[in-house]
Amino acid sequence: MPLRVPFTWSDDCLRHDPAGEVWVGVRTPGSEVAARAEAIRTALLAAGARQVAAAPHDDAPLAAVHDAELLAFLREIWADWAAAGLPSDRVVPYVFAHRELTSSPRVPSAVWARPGSFVYDTMTLVGPGTWEAARAAVDVALTAVDLVVGGEPLAYACCRPPGHHALRSAFGGSCYLNNTAVTASELVRRLGGGPVAVVDIDAHHGNGTQELFAGRSDVRTASVHVDPGAGWFPHFLGFADESDEANLNLPLPPGTGDDGWLGAVAEAASFADGAEALVVALGVDAAAADPESPLVVTEAGYRQAGRILGALGVPTVVVQEGGYELATIGSLVVAALEGLETAE
Ligand code: SP5
Ligand code: ZN
């Protein structure tokens, strides 16, 4: 059966080329590459899904989620960095604005010091096209929201760079703008005021989304991920004891496969039950072949996760997050979407 789900797309998402990640001081090849999105799109078209061009949206939904200072930094830093004639071809922090280190003015005058006010790791570099791609990813997500608000039961935002590690005023984890959070926030505004549920099944904890909605009753967040306490990104957040009425963290040990993972997905789905709409933060990096996580979920596991979440029976926007194995990323996404649209 062909996939019926519409997916939203912008060629501008291809404009960000990480051109490396600085990990433990060493520049390694970037993992969050444009070929990821192209591989997913190819698989979707082959499965019969309908491509919908992203429509431009104004900045209001973005400004509802992120600080104006962060948005200005991301919009301007590449041009400032290039004009300063610095020796690196990408924006890389060398000093970090730890909270005990900063008072006003918060943003340093030196271009080379400024990234430390906004980025929390050395792996999420900015270059030419980064802003354009991140901003396009938000339009891709918002166009998927338009489809669901317009009556589609399910829509998929085929976007990159990913978003779930991005905070209100800082970015990291290969993420710049929190596409998932913008989607949830906009669904609250355009539907009945919530609650909207976010279920994040990326292999890594959705720390940005958790923190953005902390203390809000109109968005419930749940995340199924590899235990940060076992040594995995984002290291500082994602523990079970951060759970409360509006947030559920389900950390899993490295080596967890379909049984344990699907059990956690089912718990997250129960937590989301009763919401008026669902956002699935779909990372497929929990798959066994993925180089960025030690979870060993199968393609059948992703299909079943889709069925579990689809059974909630509420309007659903799926937003692409991580997933780095180019040979399998497309079929994993197709499997998850098949599960979502064939759920009973
Ligand atoms: C969206 C998403 O899945 N972000 C995950 C970011 C996790 N990155 C942590 C990388 C840790 C070191 N990996 C070594 C690979 C070097 N290229
Ligand atoms: Zn991930």
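Remember, it's 1-based here, ligands and their atoms both numbered in the order they're listed. Residue numbers run from 1 in the order of the sequence given.
Between F118 and F73, the ring planes are parallel. Angles under 30° get that label, and only those over 60° would be called perpendicular.
Within the 4.0 Å heavy-atom cutoff, G283 does not count among the residues contacting ligand 1. At least one heavy atom of E292 sits closer than 4.0 Å to an atom of ligand 1. In this structure, E32 has no heavy atom closer than 4.0 Å to ligand 1. The closest approach between a heavy atom of A203 and any atom of ligand 1 is not below 4.0 Å.
For T28, a nitrogen or oxygen atom sits less than 3.5 Å from a nitrogen or oxygen atom of ligand 1, counting backbone and side chain alike. Taking any N or O of D285, backbone or side chain, at least one lies under 3.5 Å from an N or O belonging to ligand 1. Remark: ligand 1 and Y324 share an N or O pair separated by less than 3.5 Å (distance only, no angle test). Considering backbone and side-chain N/O atoms, W23 never comes within less than 3.5 Å of an N/O atom of ligand 1. Ligand 1 has no N or O atom lying under 3.5 Å from any N or O atom of F233, backbone or side chain.
Between the side chains of N249 and H205, at least one donor N or O sits under 3.5 Å from an acceptor N or O. Under 3.5 Å, the side chains of D146 and H57 contain a donor-acceptor pair of N or O atoms. A donor-acceptor pair shorter than 3.5 Å can be found between the side chains of T298 and D258. For the residue pair E21 and S31, a side-chain donor N or O sits within less than 3.5 Å of a side-chain acceptor on the partner.
Shortest distance from the Zn ion (ligand 2) to H204 is reached at ND1 (N/O/S atoms only). Of all N/O/S atoms in D202, OD1 sits nearest the Zn ion (ligand 2). Looking only at its N/O/S atoms, D285 has OD2 as the one nearest to the Zn ion (ligand 2).
At a threshold of 2.8 Å, the Zn ion (ligand 2) has no backbone or side-chain N, O or S atom of E321 nearer than that distance.
Residues satisfying the ring pair (Phe, Tyr, Trp, His ring centres under 6.0 Å) criterion with Y302, sequence neighbours excluded, are W261.
Neither the backbone nor the side chain of P291 has any atom closer than 4.0 Å to an atom of ligand 1 (non-hydrogen atoms only).
Electrostatic pairing of E132 and R135 does not count as a salt bridge here, judged by no charged N lying under 4.0 Å from a carboxylate O. Under 4.0 Å is where a charged nitrogen must lie from a carboxylate oxygen, and between E76 and R114 no such pair does.
Counting heavy atoms from C-beta on, the side chains of P128 and R90 come closer than 4.5 Å.
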